[in-house]
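Structure first, commentary second.
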Amino acid sequence: QFVVNSGAYGGDKVYFQCGATGPLTFYYKCQIHSTSMVGEIKVIGANPEYPHTATTTESQTTTTTTTTTETATPFSGVEFTLNTFDGEAQLPFYTHQIKSNSAVTVDWGDGSSPETINYAAQDADPTQNYITHTYSTPTVTATNFTIKITGDYEILHGQNVNTNFKNNCTSVRLGLSPSLESLEFNNFSQLKSADFSEATDLPALESIYFLFAYCSSLKSFNAGNFDTSNVTDMRSAFQNTGLTSLDLSGLDTSSATTMFQMFRGSNQLQSLDVSNFDTSKVTNPQYMFTYCSSLISLDLSSFNFNKIQWN
C-alpha cells in the first residue's frame, strides 16, 4: 500500500518496479473534496529512466474515484454577541422557563467556566428566578463577548433581559432549540444582525410575536430554513425595523393565524420576498404593510385570505 499526497492541481507521477510475471491489479482511491477532480492510474510499461523491461502493456488503465464529504455538527442553542460593559447581564428567560426537570448550560464569554442552571419552580418573588452574571472590564480583553446557551429553554424574550443586555446586544444566532415555544427581541436598539438559518428544527415554536419589533438598527436577517412550521402568531414580527431587504421565501407559514402589523412601519424596507407565504389560515392580516413607504413592488400571488374575519 502506497500513500501519495498530491498537490492542489495533481499531476504527480509514481513509478513501481515489480518482478512479477503475471498480470498486476491496481486499486486506486482518491479522497477529494470536489467531484470535479479525477483520479487516474496508467500502467505504461517501463520507466524511461530505468532500462528494465516491463511485462505489462500501455493499454491497461484503471480509474476509480471516491468522494469524502465532511458533515458538520448542527448548531444547537443560541448565541448573543454583546459589547463589553461593567455590570450585570440578565438572560432572556427565567429558571421556571427552563423545561421542567431539565437544565441549560451557559458560557458567559468572559473566560469563566460554563455554568449549568437547573429548572426551578416559579417563585413568588420573580427576582429569585432571574439568571444573571456580573461582568468586569478587566476580565474581558476583547471589545465584545459571546454568550452561548444550550439546553431546554422554553422562551427567549427580550422583555426578560435587563438594560445592560438589551442595549449592548449586537447580534444573535439561533440554532436547534427543541423546547423553544416563544421568541422575541423587541426593542433591542443595538441589534444589527440576526442569523436563524441553522434553526431548522423548532417543533415547539408557536409565537414570534414582536420578534424584531422596534429593532431600528437591524440591517441583516438571514432566515434561511428558519422553522416556523408550527408558528401561529406572527404579529408585529418585523414592525419598525431598520431592514432594507428581507427574504422570507423559505418560511413555512401554513400554521399562521395572525399576521397583524407584521411589517408595519418598516419604512426603509425596499425589497421584501413573501412569494411563498401560505395565508390559508390567517384571520387577521390588518395593517400588515402599513407605512412600508419604500416598498416598490410586492408579490402577493400566493396569498389566500378566505379566512379573514372582518370586524
Side-chain angles (χ1 to χ4, degrees), residues 71-123 125-185 188 190-191 193-208 211 222 224-227 230:
T71 303
T73 301
F75 171 65
S76 296
V78 62
E79 292 181 355
F80 298 95
T81 300
L82 282 75
N83 295 320
T84 54
F85 59 86
D86 281 323
E88 188 175 76
Q90 182 176 312
L91 292 189
F93 56 90
Y94 302 149
T95 53
H96 68 277
Q97 293 164 336
I98 299 171
K99 187 176 181 180
S100 182
N101 300 316
S102 297
V104 299
T105 300
V106 183
D107 182 342
W108 295 100
D110 61 352
S112 59
S113 298
E115 183 178 359
T116 299
I117 302 168
N118 296 305
Y119 164 83
Q122 187 170 3
D123 196 277
D125 177 3
T127 63
Q128 297 302 307
N129 292 110
Y130 292 174
I131 303 173
T132 62
H133 181 76
T134 300
Y135 290 92
S136 177
T137 297
T139 68
V140 182
T141 58
T143 56
N144 54 55
F145 51 84
T146 301
I147 298 175
K148 302 178 182 179
I149 308 170
T150 56
D152 289 322
Y153 44 84
E154 294 181 331
I155 73 169
L156 294 172
H157 277 186
Q159 64 184 0
N160 292 341
V161 304
N162 62 351
T163 301
N164 281 338
F165 193 111
K166 179 171 287 191
N167 290 348
N168 287 284
C169 183
T170 58
S171 71
V172 56
R173 176 190 180 196
L174 182 67
L176 305 181
S177 303
S179 300
L180 183 61
E181 299 174 2
S182 183
L183 178 65
E184 63 89 355
F185 302 110
F188 274 45
Q190 299 304 311
L191 187 66
S193 66
D195 187 349
F196 289 5
S197 62
E198 297 161 287
T200 56
D201 188 14
L202 304 173
L205 186 62
E206 295 181 348
S207 174
I208 56 171
L211 177 62
N222 183 2
N225 293 315
F226 175 35
D227 181 10
N230 293 310

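This one's a predicted model, so the numbers in the text were calculated from it and none came from an experiment.
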Correct closest heavy-atom pair for Y119 and H96 would be CE1-O, 3.7 Å
Would you find more than 12 non-hydrogen atoms of other residues, nucleotides or ligands less than 6.0 Å from N118 atom CG? yes
Going through the checks in order, is the side chain to side chain contact (heavy atoms under 4.5 Å, CB included) test met by I147 and F165?
CA-CA 10 Å; I147 298 175; F165 193 111; 3.9 Å; yes
Evaluate the side-chain proximity of E181 to E206: yes if any heavy-atom separation is below 4.5 Å, no if none is. no
Taken to the nearest 0.5 Å, the spacing of Q122 CD from Q128 CD works out to 12.0 Å
Here the gap from Y94 atom OH to T127 atom OG1, rounded to the nearest 0.5 Å, amounts to 10.0 Å
In this structure, CG of L191 is separated from CG of N167 (nearest 0.5 Å) by 12.0 Å
Query raised in the report: How far apart are the C-alpha atoms of L174 and L202, what are their side-chain angles, what is the distance that settles it, and do they pass the side chain to side chain contact (heavy atoms under 4.5 Å, CB included) test?
Result: CA-CA 10 Å; L174 182 67; L202 304 173; 4.2 Å; yes
Is there a side-chain contact between V161 and F80, using heavy atoms and a 4.5 Å cut-off? no
inquiry  = side chain to side chain contact (heavy atoms under 4.5 Å, CB included), that's the test. Do L183 and F196 meet it? Break it down for me.
reply    = CA-CA 12 Å; L183 178 65; F196 289 5; 3.8 Å; yes
Margin query: Run I131 and E115 through side chain to side chain contact (heavy atoms under 4.5 Å, CB included) and show every step you take.
Written below: CA-CA 11 Å; I131 303 173; E115 183 178 359; over 6 Å; no
In this structure, NE2 of H157 is separated from OG of S207 (nearest 0.5 Å) by 6.0 Å
A89 and F85 have their tightest heavy-atom pair at CB-CZ, 3.9 Å
Rounded to the nearest 0.5 Å, the CD1 atom of I117 sits from the OG atom of S102 at a distance of 13.5 Å
With a 4.5 Å limit on heavy-atom distance, are the side chains of L180 and V78 in contact? no
| query | Hey, does V106 have a side-chain heavy atom less than 4.5 Å from the side chain of H133? | reply | no
Cut-off 3.5 Å, side chains only: do N129 and T95 have a donor facing an acceptor? yes
Determine yes or no for a side-chain-to-main-chain donor-acceptor pair under 3.5 angstrom, with E198 supplying the side chain and R173 the backbone. no
Indicate yes or no: at least one non-hydrogen side-chain atom of Y153 is less than 4.5 angstrom from one of L91.
-> no
Exercise for review: For S177 and G175, indicate whether the former's side chain and the latter's backbone hold a donor-acceptor pair under 3.5 Å.
Suggested key: yes
Check whether any side-chain heavy atom of V104 sits under 4.5 Å from a side-chain heavy atom of F93, and report yes or no. yes
dist T84:OG1 -> N168:CG (nearest 0.5 Å) comes out at 8.0 Å
Tightest non-hydrogen contact, residues P178 and D152, listed as CG-OD1, 3.9 Å
Closest non-hydrogen contact found for K99 with E154 is CA-OE2, 3.6 Å
For N160 and P92, the nearest pair of non-hydrogen atoms, with its separation, is ND2-O, 3.3 Å
### Message
A side-chain contact here means heavy atoms from C-beta on lying under 4.5 Å apart; do L205 and F226 qualify?
### Response
yes
- Query: Where does the angle between the aromatic ring planes of Y135 and W108 fall among parallel (under 30°), tilted (30 to 60°) and perpendicular (over 60°)?
  - Reply: perpendicular
**Study point:** T81 side chain near T146 side chain, heavy-atom distance below 4.5 Å
**Key:** yes
Closest non-hydrogen contact found for N164 with E88 is ND2-O, 2.9 Å
